[in-house]
Amino acid sequence: MEQSKLLELLSSMSLEEKIAQLLQLTGNFFSTELNELVTGPMQEMGIDQTILYNTGSILNTLGAENLIKLQDQYLSKNRHKIPMLFMADVIYGFRTVFPIPLGLGCTWNPELAELSAKVAAKEAAVSGLHITFSPMVDLVRDPRWGRVMETTGEDSYLNSEFARALVRGFQGDLLNPQETLGACVKHFAGYGGAEGGRDYNTFEVSERTLREQYLPAYKAAIDEGCTMVMTSFNTVDSIPATGNKWLMRDLLRNEWGFKGVVISDHSAVSELIAHGYAQDGKEAAEKAIKAGVDIEMCTPHYIKNLKTLVEEKAVDVALVDEAVLRILELKNKLDLFENPYRGASAEKEKEVMLCEAHLKATREIASKSLVLLKNDNNVLPLSKKIKKVAIVGPYADEKAALGFWAVFGDRNATVTVKEGIVNKIGENQVVAYKGCEAVEDLGPILLELGRLMGIDNSKPTSDTSVEIAKSVKAAQDADVIILALGEHMAQSGEGSSRTKITLSETQLKLVDEIAALKKPTVALLFNGRPLEVKPILDKVDALLEVWYPGTEGGNAIADVLFGDVNPSGRLSMSFPHSVGQIPVHYNHFNTGRPIIDPNNVSRFHSHYSDAPNTALYPFGYGLSYTSFEYTDFQLNKASMTAKDEIEASVMITNTGSYVGEETVQFYLRDITGSVVRPVKELKGFEKVVLNPGESKKVTFKISEPILRFYTADMKYESEAGRFKVLVGRNSSDVIEAEFIYYETQN
Ligand code: GLC
């Protein structure tokens, strides 16, 4: 539809019809018999027929036939024939589930992220969906926060690469209705910085830190053409993001030029009241619309108050018109006026869901997301001729291993560890015992999940000590023992912050009893956050971080365990020695009292008396079945100006006996500035696949733009001075060289 027609449509709408376009409801408002609704949720929310059949969008309702019928029902009662938008949380896959984003981040491969989003878009689009509330790009530094599982990690450069790739994957050119979804980047902004890692908690950083660390990945998604932005629950500089005019109008729209739709997070408009930023729903509606929130998700303050606010001239109707126009433009961009069903196709649904190509994609990506943290005595890879493998632990044969946000995944399609290993070496060599649950008391979790996701909430009746004894007995004559450990999938995701990030006591007991057998032991970790792993580290020979690896998880794990895939994952978030260290991230400031020599730490250095300052496993860390040597590291020049650049090159050699993929990481340090600068910042990386004995030269270019930062007067500029180049296999194991940057030819 031409823009002029959209404007005509807008001018033909009543104020009530316009305001209803700003409302997002859940689908049940349309799928239940109307009379039940009128006395129930509709009455509560003050929704009448006019509002209901002018509601702009619904979320998390799906199915081609269902949504076609729903759109037909809606359009038959909508005076202007304006179709509804159908949105959902398609975060890391739809029916075919991929590794959680934190695992995806550990691939250091944006192309794989793009592929995962493409597959998700195909499956969701034919199921009738138009928009996904993804990518979630919140920078994180605190594993106590349950939603670290949803993000690609602690670094703004890496998160930005993944943000762009995921938007490309979901949206493509948005022209093919059966293969693309509009993307909605979230949560704008800074949600991942919640104090204490406590979900929904205060976020307070300087504007400089906000711009340097937290904002780049949102901007990357927007620069890549993301269609929508979702506001976050937290405050930004003491003003809730959902009512923050500086954040959304001054920065997002005026400085960054974003012209798309802004949607609040669930109930976030309401929450302006609890924040103490609005005295009631009416003020919340006024502050949110003035700040630039176009769609209010699942609360009724716009529909209850905007008409009055406009009539009282407290809100200019132009603000309503601009919000409605953006929503109409989005519907037009998705071609909904001509094709209100977009990609919905019951026939295609059957064809694409969990199809072979999609399962192959998630298996490949999962195998690249696994991070080998320890491999003493090269206990891995295992021989396929092994006589007996005992798999023990809560994830030995568990299908509920897709992670908290695999909302539309098919749990029954999940390949478990046991199934993956049986597929690899046959069932006669494999025994599997659960031994214990992932948590001591499943009761509360299952009741919550039963409420949230319709997961069976029958509490297990087995006696853990008996089960552990059975597992240990079964493992006694095994050649290798695989411990399949981790968090319950409901212990991460939204609303699941933890002050203790260790495995459960029963799992630690199981590990002790298995370790006492003194057999080669490999531990797999199924978790949605970096955990404290030291309690088990000396009791196992190998430790493989598998996150929640998706539908093909068991097969991907078996591919790595038996050497068909050489692990190449590198941590995108640091593992602390202990929760007491948090926040521990690689790109910290040096302080005035840095530890120079870890073997000579005095009281008056910035340190802990009971733990090191560094991470147990740092950002970028991961082992391989082969080894790589870094030699001939050099800069082609010792100085540069804004007009030229320096090349930093290094030779990488595969010195082991397996083909392997190395992620060569490139960091910079600005040694002195008008403000202090991090001890290092990721500025690039290159993945190289090398055969045994093969070498390759890797070169990184240093140009003036990558030296820029927010200076003391908040200008985004570079400053002359000494810099360090640090190249290596992870953020800690690096080789260094220095250069000088002169602002002008000296
Ligand atoms: C939730 C989440 C957000 C999600 C939205 C819709 O509260 O914060 O990430 O997209 O509600 O389900």
Side-chain angles (χ1 to χ4, degrees), residues 23-29 55-62 84-94 100-102 117 120-121 124 127 129-140 145-152 159 163 166-167 170 181-194 197-201 203 217-218 221 226-236 240-242 260-272 274-275 288 293-299 403-409 448-449 451-454 490 492-497 528:
L23 172 64
Q24 178 169 90
L25 290 174
T26 47
N28 66 305
F29 280 84
T55 296
S57 61
I58 60 171
L59 82 161
N60 288 340
T61 294
L62 44 115
M84 256 201 298
L85 275 167
F86 300 139
M87 307 189 190
D89 289 295
V90 183
I91 313 296
Y92 49 98
F94 184 69
I100 57 172
L102 191 55
S127 179
L129 293 172
H130 306 150
I131 302 265
T132 176
F133 297 132
S134 185
M136 188 273 218
V137 301
D138 302 325
L139 183 112
V140 290
W145 193 50
R147 299 191 76 165
V148 300
M149 55 83 66
E150 274 178 81
T151 162
T152 46
N159 290 351
L166 289 166
V167 169
F170 284 123
L181 289 177
C184 174
V185 66
K186 67 187 184 184
H187 304 80
F188 192 64
Y191 182 28
R198 199 179 78 226
D199 210 347
Y200 317 118
N201 200 9
F203 167 67
Y218 304 111
C226 198
T227 50
M228 280 178 68
V229 171
M230 181 187 292
T231 68
S232 57
F233 294 118
N234 54 284
T235 51
V236 175
T242 307
V261 170
V262 172
I263 185 169
S264 78
D265 200 342
H266 197 294
S267 314
V269 172
S270 259
E271 292 170 14
L272 299 181
H275 272 291
V293 175
D294 300 319
I295 299 178
E296 178 181 6
M297 187 190 288
C298 293
T299 48
F404 182 82
W405 278 104
V407 185
F408 310 112
E448 175 68 1
L449 285 177
R451 190 181 68 77
L452 270 181
M453 303 174 166
S492 67
E494 184 170 356
S496 57
S497 301

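Values in this document were obtained by computation on a predicted structure and should not be read as measured data. We count residues from 1, following the sequence as given. In each ligand, atom 1 is the first atom listed, and ligand 1 is the first ligand listed.
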Any atom of ligand 1 sitting under 4.0 Å from a heavy atom of [X]?
X	result
Phe233	yes
His187	yes
Ile91	no

Has [X] got a side-chain atom pairing as donor or acceptor with [Y]'s backbone, closer than 3.5 angstrom?
X	Y	result
Asp199	Trp145	no
Ser232	Ala189	yes
Ser497	Gly197	yes
Thr132	Val90	yes

For [X], take its heavy atoms, then give the atoms of ligand 1 lying under 4.0 Å from any of them.
X	value
Asn60	12 (O)
Met230	10 (O)
Lys186	3 (C), 4 (C), 9 (O), 10 (O)
Phe133	10 (O)
His266	7 (O), 11 (O)

Can you see which heavy atom on Leu129 is nearest to which on Ala88, and at what distance?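 Scanning both residues, the minimum pair turns out to be CD1-CB, 3.6 Å.
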
On a heavy-atom basis, which atom in Val137 and which in Asn159 lie closest, and how many Å separate them?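 Shortest heavy-atom contact: O-ND2, 4.3 Å.
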
Arg147, portion touching ligand 1 at heavy-atom distance under 4.0 Å: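 Within the 4.0 Å criterion, Arg147 contacts ligand 1 through side-chain atoms alone.
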
Is there at least one pair of N or O atoms, one from Glu150 and one from ligand 1, spaced under 3.5 Å apart? no

Should Trp405 be counted as touching ligand 1, given the test is an N or O pair under 3.5 Å? no

What's the shortest distance from [atom] to any protein heavy atom, and which residue and atom give it?
atom	result
atom 12 (O) of ligand 1	Asp89 OD2, 2.6 Å
atom 1 (C) of ligand 1	Glu494 OE1, 3.2 Å
atom 3 (C) of ligand 1	Asp265 OD1, 3.4 Å

Just say parallel, tilted or perpendicular for the rings of Tyr200 and Tyr191, cut-offs at 30° and 60°. parallel

Before giving the answer on side-chain hydrogen bond (donor to acceptor under 3.5 Å, both in side chains), spell out for Ser264 and Glu296 the whole-Å C-alpha distance, their side-chain angles and the decisive distance to 0.1 Å. CA-CA 5 Å; Ser264 78; Glu296 178 181 6; over 6 Å; no

